[in-house]
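Below, each value reflects all heavy atoms present in this structure, side chains not excepted, and no hydrogens, waters or symmetry copies. This one's a predicted model, so the numbers in the text were calculated from it and none came from an experiment.
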Amino acid sequence: MLFSFPEYAHISKALHSLSFLQTGQFSIARYDNQELHASVQSPVSGEHCFVLGSIAPPEQQMASTLLLAHTLRKEGAQHLTGVLPYLAYTRQDKVKPGESLATALVGTLLKASGFDEIWTVDLHSEHDKQLFPLTLVSFSPAGLFAECIRNLGLADASIVAPDNGAIPRCEAVKSAAGMTSGDIVHFDKRRTDRGIVQGGPIGKVGSKAVIVDDILDTGGTLASACERLVCAGAEELYIFVTHGLFTGQLWQNLWSLPVKHIFCTDTIPACANIHDPRISILPVGPLLHEKLASLRRNVIAPSLANNSSP
């Protein structure tokens, strides 16, 4: 059964064609004292339930997701999978004296609320899995990006990682798109007491460059990388990011550089409010549809067959 928050209706629609997946009914409301509470109208005893939602700010989203999960488990859900396309708080995964380790806390809260596992798209770092006390599954958008790269005829473009952490993403996209360029160009980004220091680019930069990252937040890191790429000889820049937060206005400085287009997925519902012909929003619904169908074939269906009477 799928319990989808309204903000993710654009993704749940892509899952409706799965005949084995029922739509669960629920509501989130506030009492007069402003406390949130969840109500589940569908019988879930013995069911494998999927919760499609978010834990990103505003904090009401996290509280609502946790309350719904806890209620589903209380009502007898046998297995509970959280489908959180953008897994917030996973950049807060560094142990620093005097500061919160939010990634670990969020994992603990998700487990305590009843989730058995979390599915997400393009997890920020493999290190996050070490901080989570439950199974964390990440799906790559490399295939979505690769299709756009092929359609644009960018197979021979330089592929660029704005920091060391983005190198594996670049490798996945490069392989999926059949890109013929040499080694991945990358930047060495380090955080110091004076702020972020970005060194590079390291590697050969061509006239066209494809930059791949997981998050476009304020855009400061990407703008800095683009400036350095231009100095290294790049004339056309294309940016591919999984999660488009588009925080503030700084990211719009990208348009003063030779950035031709920005591609991001629809893991952030607010992206639907962006109307700029230079920004394309790629749907992840088909990707999740494929994963759910695969789960049915490889796990759920065999289990049902093994438990059936001869």
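I55 is connected to L136 through a chain of hydrophobic side-chain contacts under 4.5 Å among Ile, Leu, Val, Met, Phe, Trp and Tyr, so both are in one cluster. Placement of V137 and L2 within a single hydrophobic cluster is found when ILVMFWY residues are connected by side-chain heavy-atom separations under 4.5 Å, directly or transitively. Residue I279 is not grouped with residue L144 when hydrophobic side chains (ILVMFWY) are merged at heavy-atom distances under 4.5 angstrom, including chains of intermediate members. Both V83 and F139 belong to a single network of hydrophobic side chains, linked directly or stepwise wherever heavy atoms of I, L, V, M, F, W or Y lie under 4.5 Å apart. In this structure, L21 is not a member of the same hydrophobic cluster as V44, with clusters built from ILVMFWY side-chain heavy atoms closer than 4.5 Å.
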Any chance you could lay out the side chain to side chain contact (heavy atoms under 4.5 Å, CB included) test for T90 and L123, step after step, and finish with the verdict?
-> CA-CA 8 Å; T90 50; L123 181 65; 4.0 Å; yes
Side chain to side chain contact (heavy atoms under 4.5 Å, CB included) between M1 and T23, worked out = CA-CA 6 Å; M1 298 188 72; T23 300; over 6 Å; no
Criterion ring pair (Phe, Tyr, Trp, His ring centres under 6.0 Å) on F5 and F26, from CA distance to verdict = CA-CA 9 Å; F5 280 85; F26 73 100; 5.1 Å; yes
Start with the C-alpha gap between R91 and I215, add the side-chain angles, then the distance that decides, and say whether side chain to side chain contact (heavy atoms under 4.5 Å, CB included) holds.
-> CA-CA 10 Å; R91 285 185 287 175; I215 298 173; 3.7 Å; yes
Evaluate the side chain to side chain contact (heavy atoms under 4.5 Å, CB included) criterion for residues L110 and F132: first the C-alpha distance (whole Å), next the side-chain angles of each, then the deciding distance (0.1 Å), finally the verdict.
-> CA-CA 9 Å; L110 290 168; F132 259 60; 3.8 Å; yes
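Between I118 and T81, the closest side-chain pair of non-hydrogen atoms is not below 4.5 Å. Looking at L222 and L254, their side chains come closer than 4.5 Å, going by heavy atoms from C-beta outward. Contact check for T265 versus V241: no side-chain heavy atoms found under the 4.5 Å cut-off. Side chains of C271 and C264 form a contact here, defined as non-hydrogen atoms less than 4.5 Å apart. Contact check for S42 versus F3: side-chain heavy atoms found under the 4.5 Å cut-off. By the 4.5 Å heavy-atom criterion applied to side chains, L109 and M62 are counted as neighbours. The shortest side-chain heavy-atom distance between L216 and L245 does not fall under the 4.5 Å cut-off. Side-chain contact check for D163 versus H186: every heavy-atom pair is 4.5 Å or farther apart.
Among residues two or more places apart in sequence or in another chain, the side chain to side chain donor-acceptor pair (under 3.5 Å) test is passed with K129 by E126. Residues satisfying the ring pair (Phe, Tyr, Trp, His ring centres under 6.0 Å) test with H261, not counting sequence neighbours, are F263.
Residue pairs meeting the side-chain hydrogen bond (donor to acceptor under 3.5 Å, both in side chains) criterion with at least one partner in residues 226-247, sequence neighbours excluded, are D122-T242, D217-T247, E236-Y238, H243-T267. Note on residues 10-20: pairs passing side-chain hydrogen bond (donor to acceptor under 3.5 Å, both in side chains), not counting sequence neighbours, are S17-H289. Residue pairs meeting the side-chain hydrogen bond (donor to acceptor under 3.5 Å, both in side chains) criterion with at least one partner in residues 30-40, sequence neighbours excluded, are R30-Q60.
Summarising the local packing, CG of N164 is surrounded by more than 12 heavy atoms from other residues, nucleotides or ligands at distances under 6.0 Å. By the 6.0 Å contact criterion, CD on Q252 is enclosed, its count of non-hydrogen atoms from other residues, nucleotides or ligands being greater than 12.
No donor-acceptor pair closer than 3.5 Å links the side chain of S175 to the backbone N or O of E171. Although no hydrogens or angles enter the test, the distance criterion places a donor-acceptor pair under 3.5 Å between the side chain of D266 and the main chain of V284. A donor-acceptor pair is defined here as one N or O able to donate and one able to accept, closer than 3.5 Å; such a pair exists between the side chain of T103 and the backbone of Q92. Remark: the backbone N or O of L67 is paired with a side-chain donor or acceptor of T71 at under 3.5 angstrom. The closest donor-acceptor contact from the side chain of R73 to the backbone of Q78 lies under 3.5 Å. The backbone N or O of A157 sits less than 3.5 Å from a side-chain atom of S181, completing a donor-acceptor pair. T218 contributes no side-chain N or O that, together with a main-chain N or O of L250, makes up a donor-acceptor pair within less than 3.5 Å.
Taken to the nearest 0.5 Å, the NZ atom of K208 stands 6.0 Å off from the CG atom of L154. One finds the OG atom of S140 at 11.0 Å from the CG atom of D214 (value rounded to the nearest 0.5 Å). Annotation: the span from C170 atom SG to D213 atom CG amounts to 8.0 Å, rounded to 0.5 Å. In this structure, CG on D276 lies 9.0 Å from CZ on F246, to the nearest 0.5 angstrom. Here D116 contributes atom CG and H79 contributes atom NE2; the two are 4.5 Å apart, rounded to the nearest 0.5 Å. Between the CZ atom of F145 and the CD1 atom of I159 there is a distance of 10.5 Å, given to the nearest 0.5 Å.
If you check the side chains of S54 and Q61, you find a donor sitting under 3.5 Å from an acceptor. A donor atom on one side chain and an acceptor atom on the other are not found under 3.5 Å apart for D93 and H127.
In this structure, G219 and W251 approach most closely via the heavy-atom pair CA-CB, 4.0 Å. Of all heavy-atom pairs between V121 and S138, the closest is C-OG, 4.2 Å. When all heavy atoms of A142 and A176 are compared, the closest pair comes out as O-CB, 4.1 Å.
Residues L101, L131 make up the rest of the hydrophobic cluster containing V95, defined by ILVMFWY side-chain heavy atoms closer than 4.5 Å, directly or through other members.
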